[in-house]
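Report on the structure given below.
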Amino acid sequence: MFSRIGAAQKGLYNHAVMWSFFHKLGSPPWLYDIAGSILRWLLPVTIMALLVGAVWGLLFTSPDFRQGNSYRIIYIHVPSAVVALAGYYVMAIAGAVSLIWRMKMADVAMKAAAPIGAALTFIALFTGALWGKPTWGTWWEWDARITSMLILLFLYLGVVALYEAFDNKEAAGRACAILSLVGMVNIPIIYKSVDWWYSLHQPASIKFSGESAIDSSMLYPLLLMIGAFYALFTCCLLMNMRAELVQRESRTAWVRKLVKQDGAH
Amino acid sequence: MLLRRQLSLAIRRPIEIGNPLVFFAIVVAMFPLGIGPASEQLAMIAPGAIWIIALLSSLLTSDSVFRSDFDDGSLEQLLLAPQPLYLSVLAYLCAHWIVTGLLLALVSPVFALMLNLPAAAVGTLVVSLALGTAVLSLVGGIGAALTVGLKRGGMLISLLILPLYIPVLIFGTAAVQAAVSGSPAGPFLALLGAMLSLAIALGPLATAAGLRISIDA
Amino acid sequence: MYFDSLQAALSMEGHGSFVWVAYLITLLIISAILLLPALRRRRLLRRIATELARQESGYATGKGAR
């Protein structure tokens with residue numbers, strides 16, 4: 001964003017506090033370092049939380065009185081679904097920022113978010129199928145929420161595919177930003193229409209209910225896992241951004257310095 | 001004015017107008033061959049089948065909305081022209097809707113009868129198709145604008161655009177099914193109309209932005 | 001712990017295979033999305049390092065030739 005502004009003006013901006021923050025946010029080496037220092041503590045915390053939550057949910061909670069033990073899948077199914085949906089908004093908002101303010105780092109964040117979101121959506125779908133088989137006797141049900149998750153997966157894959165199709169990566173970023181914004185406007189409409197469509201066609205034999213009355217002993221590990229998945233998303237996002245930054249800036253001085261430091265020890 | 005140019009261009013190539021219609025007819029013929037000729041079965045799937053075919057033919061043609069003008073450079077001139085890009089894009093997409101969506105809607109009663117759709121629902125089918133395909137043209141334009149600079153946009157555009165078509169498909173078929181079962185289809189048509197106004201308001205903006213990116217790249 | 005034995009925890013009254021497979025797949029995917037960017041960054045850094053080394057040695061010999 002500052003590349004188009006002359007050097008004299010750049011000096012002026014540096015004195016203003018707010019602008020210097022934006023300037024830092026737009027500065028690859030600063031972002032690379034800060035992401036690294038966040039990851040240094042967030043990554044171990046995330047892995048610990050995931051392990052504790054998984055063991056807690058798998059071994060230390062009592063089974064659901066209606067579904068038995070199969071409900072334990074909830075501790076990965078619901079968090080991955082929640083974070084996958086939130087991830088789309090992260091991606092779209094990053095895309096909007098990169099479009100409006102031409103902030104390159106937002107473009108990096110948007111590109112980094114897409115594959116993680118797709119992976120989490122896939123986890124949600126896969127574990128949903130594994131949960132459905134013992135509980136409702138079917139791998140796949142055209143339930144409103146399952147169908148919506150499938151559509152979310154398509155939306156993510158569309159963004160990834162569009163990015164890969166462009167040779168010019170700057171244009172790719174802007175095109176993906178527009179696509180994810182269009183998707184963001186559409187997601188509520190799609191979800192509402194799928195919801196309504198399902199209520200029209202709902203088969204009488206299967207009832208998806210009972211989630212409202214969740215016992216607190218089951219709720220705490222679930223909340224922990226939701227938090228852990230958000231942290232996981234953040235970690236993956238930062239790691240992807242760091243890799244992307246190194247690739248995009250491979251010819252700059254700071255990356256060369258980094259390489260030399262890396263080789264020193 | 002641009003609309004008239006687009007339409008007269010289209011009329012000069014009648015084969016290209018005919019193609020979506022022939023496609024429509026062929027796919028309609030596939031359904032009895034794949035499912036069996038029993039008329040009740042066909043009547044049951046007819047609303048969904050006709051809507052999905054309309055979806056596909058709109059999708060297949062939207063790939064080429066901007067392509068020829070992109071190739072010969074006239075699209076680039078359009079970006080430099082004084083009139084707002086929003087309106088020019090709207091003219092392009094309106095022309096696309098007239099030669100595919102509206103035309104399909106007008107001939108759809110024939111295919112509806114072939115698939116044994118009850119006659120009472122034919123009117124609703126035409127109205128819902130006319131409204132719905134306009135949304136499809138506007139949404140498809142976004143995909144077309146984003147992929148027009150790419151050598152192989154054909155498959156990609158369906159990946160980008162089909163998920164966004166889903167609400168139109170749901171309410172379009174719901175309107176026809178409501179008419180088949182004798183309940184009022186008005187609310188669904190109203191919903192399609194609401195989607196259309198949203199698409200008119202926002203779609204050309206995204207399409208215009210997409211065209212700028214594709215031309216810059 | 002809810003289960004009496006390892007056996008019971010593995011079988012989960014018949015639901016064990018579904019639950020464990022779900023957790024296993026999730027573990028695999030999570031490790032993949034955590035490891036792939038780290039590996040990619042390391043590979044990029046290594047490639048830049050070899051490029052830099054080649055350029056520097058190129059300078060040294062190049063000067064002599066010119």
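Computed from heavy atoms alone, side chains included, the values below leave out hydrogens, waters and symmetry copies. Each chain gets a letter, A, B and so on, in the order the sequences are listed, and its residues count up from 1.
- For the side-chain hydrogen bond (donor to acceptor under 3.5 Å, both in side chains) test with A:Asp107, the passing option among A:Arg174, A:Lys169, A:Arg248, A:Arg102 is A:Arg248; the others fail.
- For B:Ser88 against B:Leu78, the heavy-atom pair with the smallest separation is CB-CD2, 3.7 Å.
- The residue among B:Asp216, B:Ile170, B:Leu159 with the most heavy atom pairs within less than 4.5 Å of chain A is B:Ile170.
- Note on A:Leu162, A:Asp167, A:Ile189, A:Val185: by heavy-atom pairs under 4.5 Å with chain B, the leading option is A:Leu162.
- Residue B:Leu146 touches chain A through both its backbone and its side chain, counting heavy-atom pairs closer than 4.5 Å.
- Heavy atoms closer than 4.5 Å to chain A are found nowhere in B:Leu191, neither backbone nor side chain.
- Checked against the 6.0 Å centroid threshold, A:Phe122 and A:Phe126 count as a close aromatic pair.
- With a threshold of 4.5 angstrom between heavy atoms, B:Ile161 does not approach chain A through any atom at all.
- Interface summary for chain B: among A:Ile151, A:Asn168, A:Leu99, the most heavy-atom pairs under 4.5 angstrom belong to A:Ile151.
- In this structure, a donor-acceptor pair under 3.5 Å is present between the side chains of B:Thr61 and B:His96.
- The aromatic rings of B:Phe111 and B:Phe24 sit tilted relative to each other, their planes meeting at an angle between 30° and 60°.
- Looking at A:Val194, the atoms closer than 4.5 Å to chain B (heavy atoms on both sides) sit in the backbone and in the side chain alike.
- For A:Tyr191, no part lies under 4.5 angstrom from a heavy atom of chain B.
- With a 4.5 Å cut-off on side-chain heavy atoms, A:Leu181 and A:Ile178 do not count as touching.
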